[in-house]
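Within every chain, numbering begins at 1; the chains are lettered A, B, ... in the order of the sequence lines, protein sequences first and strands thereafter. Keep in mind that this is a model prediction, so the values were computed, not measured. Note: hydrogens, waters and symmetry copies are ignored here, and every other heavy atom, side chains too, is used.
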Amino acid sequence: MFTSPASLSELTTRSQALAGLSLGQIATQLSIPVPENLKKDKGWVGQLLEQVLGATAGSKAEPDFPHLAVELKTLPIDQCGKPLESTYVCVAPLTGVAGLQWHESWVCRKLQHVLWVPILAERHIPLAERMIGTPFLWQPSAIQQQALQQDWEELMEKITLGGIADIKGAQGKLLQLRPKAANSKAMTNAIGANGEPIRTLPRGFYLKASFTASLLKQQFNLL
DNA sequence: ATATGATCATTT
DNA sequence: AAATGATCATAT
């Protein structure tokens, strides 16, 4: 019933057919229970959309639609169409990254083609009643790609030179580096200020909400 | 521990 | 109110 879409156009058609439906309606079709809230089910919305669109389930490190090279991202928005959250992209490699080029990076590869699924998700709206907006495929323009590359290169240079300890979420215009872990005690290997191995909090790359807002504006001509 | 899916909640 | 830092569930 929910096979993987065979083509880009089929993926578009199928995703856009979801516009206007509530998360509760989709969950019912799939016989999936709706949690009371997302506090303990933060990935629930993303996984629901993966299933209804026939994405490859599981935690494999590859695009959601491998044969189409498309990544699926849900995007929580308010009623004005503004993103409520930043968008997680991938974990940041902290070791063995000297010489890594932008075009080889996971950030670049994941963002080459994204199916954005906006969801009206203000916190006061019960989860089951949250509405799906109009999904759209996006590929970064040359200008967007260049800006992303610049942020990425600055962040990666700092990581390579042992400066991870003072990278704050505020660094980067479109792309930021923030903790990505079970809690603040989780540890991974990284490079210290003197080039020595250290243990630090795992980080991930995120797209800032101001950037995803510009994508929505570009797509829908929003305010 | 790392990778998938993200949102929560405190700080600014 | 927006943004940064912290956190939750699950599979490998």
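Within 4.0 Å of A:L84, counting heavy atoms only, lies no atom of the nucleic acid at all. The residue A:R203 sits apart from the nucleic acid: no heavy atom pair falls under 4.0 Å. The residue A:D64 sits close only to the backbone: its heavy atoms come under 4.0 Å of sugar-phosphate atoms, none of a base. A:E62 comes within 4.0 angstrom of no nucleic acid atom, judged by non-hydrogen atoms across all strands. Contact annotation for A:T87: no contact, since no heavy-atom pair falls under 4.0 Å across all strands. Residue A:K110 is classed as a sugar-phosphate contact, given heavy-atom separations below 4.0 Å to backbone atoms only.
A:N194 places no side-chain N or O within 3.5 Å of a backbone atom of A:E196 that could act as its donor or acceptor partner. The main-chain N or O of A:A209 is never found under 3.5 Å from a side-chain atom of A:Y206 such that the two would form a donor-acceptor pair. Not one N or O on the side chain of A:H67 forms a donor-acceptor pair closer than 3.5 Å with the backbone of A:S7.
Counting non-hydrogen atoms of neighbouring residues, nucleotides and ligands closer than 6.0 angstrom, the CD atom of A:E36 reaches no more than 12 such neighbours. Within a 6.0 Å sphere centred on CD of A:Q146, other residues, nucleotides and ligands contribute 12 heavy atoms or fewer.
Axis orientation changes by 30° from one end of the helix from B:dA1-C:dT12 to B:dT12-C:dA1 to the other, with each end axis drawn from 5 pairs and the value rounded to 10°.
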- Passes side chain to side chain donor-acceptor pair (under 3.5 Å), A:E122 versus A:H124? Steps please. CA-CA 6 Å; A:E122 290 174 5; A:H124 66 84; 2.7 Å; yes

- Task: Please test A:D64 against A:L115 for side chain to side chain contact (heavy atoms under 4.5 Å, CB included), starting from the C-alpha separation and ending with a verdict.
- Result: CA-CA 10 Å; A:D64 296 293; A:L115 177 66; over 6 Å; no

- Begin with the C-alpha distance, continue with both residues' side-chain angles, and end with the deciding distance and a verdict on side chain to side chain donor-acceptor pair (under 3.5 Å) for A:Q149 and A:E153. CA-CA 6 Å; A:Q149 177 172 353; A:E153 287 177 347; 2.9 Å; yes

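What separates CZ of A:F65 from P of B:dG5 is a distance of 11 Å, to the nearest Å. Atom CD in A:Q51 sits about 12 Å away from atom P in C:dA11, given to the nearest Å. Distance, A:L115 CG to B:dG5 P: 13 Å, rounded to whole Å. A:L201 places its CG atom 16 Å from the P atom of C:dT4, with the value rounded to the nearest Å. If you take OH of A:Y206 and P of C:dA6, they are 11 Å apart, rounded to a whole angstrom. The CD1 atom of A:I77 sits 19 Å away from the P atom of C:dA1 (whole-angstrom rounding). In this structure, A:L75 places its CG atom 13 Å from C1' of B:dT7, rounding to the nearest Å. Taking atom CG of A:D78 as the reference point, atom P of C:dA1 lies 12 Å away to the nearest angstrom.
Within 3.5 Å, no donor on the side chain of A:Y88 pairs with an acceptor on the base of B:dA3, nor the reverse.
Considering CG of A:L148 and NZ of A:K173, their distance stands at 11.5 Å, rounded to 0.5 Å.
In the region residues 154-184 of chain A, proximity to DNA chain C at under 4.0 angstrom, judged on heavy atoms, holds for A:K168, A:G169, A:A170, A:Q176, A:R178, A:P179, A:K180, A:A181, A:A182, A:N183, A:S184. If you check residues 36-48 of chain A against DNA chain C, the residues with a heavy atom closer than 4.0 Å are A:K39, A:K40, A:K42, listed by number.
For A:T188 and B:dT2, the shortest distance from a side-chain N or O to OP1 or OP2 is below 4.0 Å. For B:dA9, the OP1/OP2 oxygens have no side-chain nitrogen or oxygen of A:R123 closer than 4.0 Å.
A donor atom on one side chain and an acceptor atom on the other are not found under 3.5 Å apart for A:Q112 and A:E71.
Considering only side-chain atoms of A:W106, the nucleotide from B:dG5, B:dA3, C:dT7 that sits closest is B:dA3.
Each of A:E85 and A:K185 lies near DNA chain C, and the nucleotide nearest A:E85 is the one positioned closer to the 5' end.
In plain terms, the two heavy atoms of A:A147 and A:L174 that are nearest each other are CB-CD1, 3.5 Å.
Proximity of A:K158 to A:D166: side-chain heavy atoms (C-beta onward) are separated by under 4.5 Å at one or more points.
A:W138 and A:F211 have perpendicular rings, their planes meeting at more than 60° on a 0 to 90° scale where under 30° would count as parallel.
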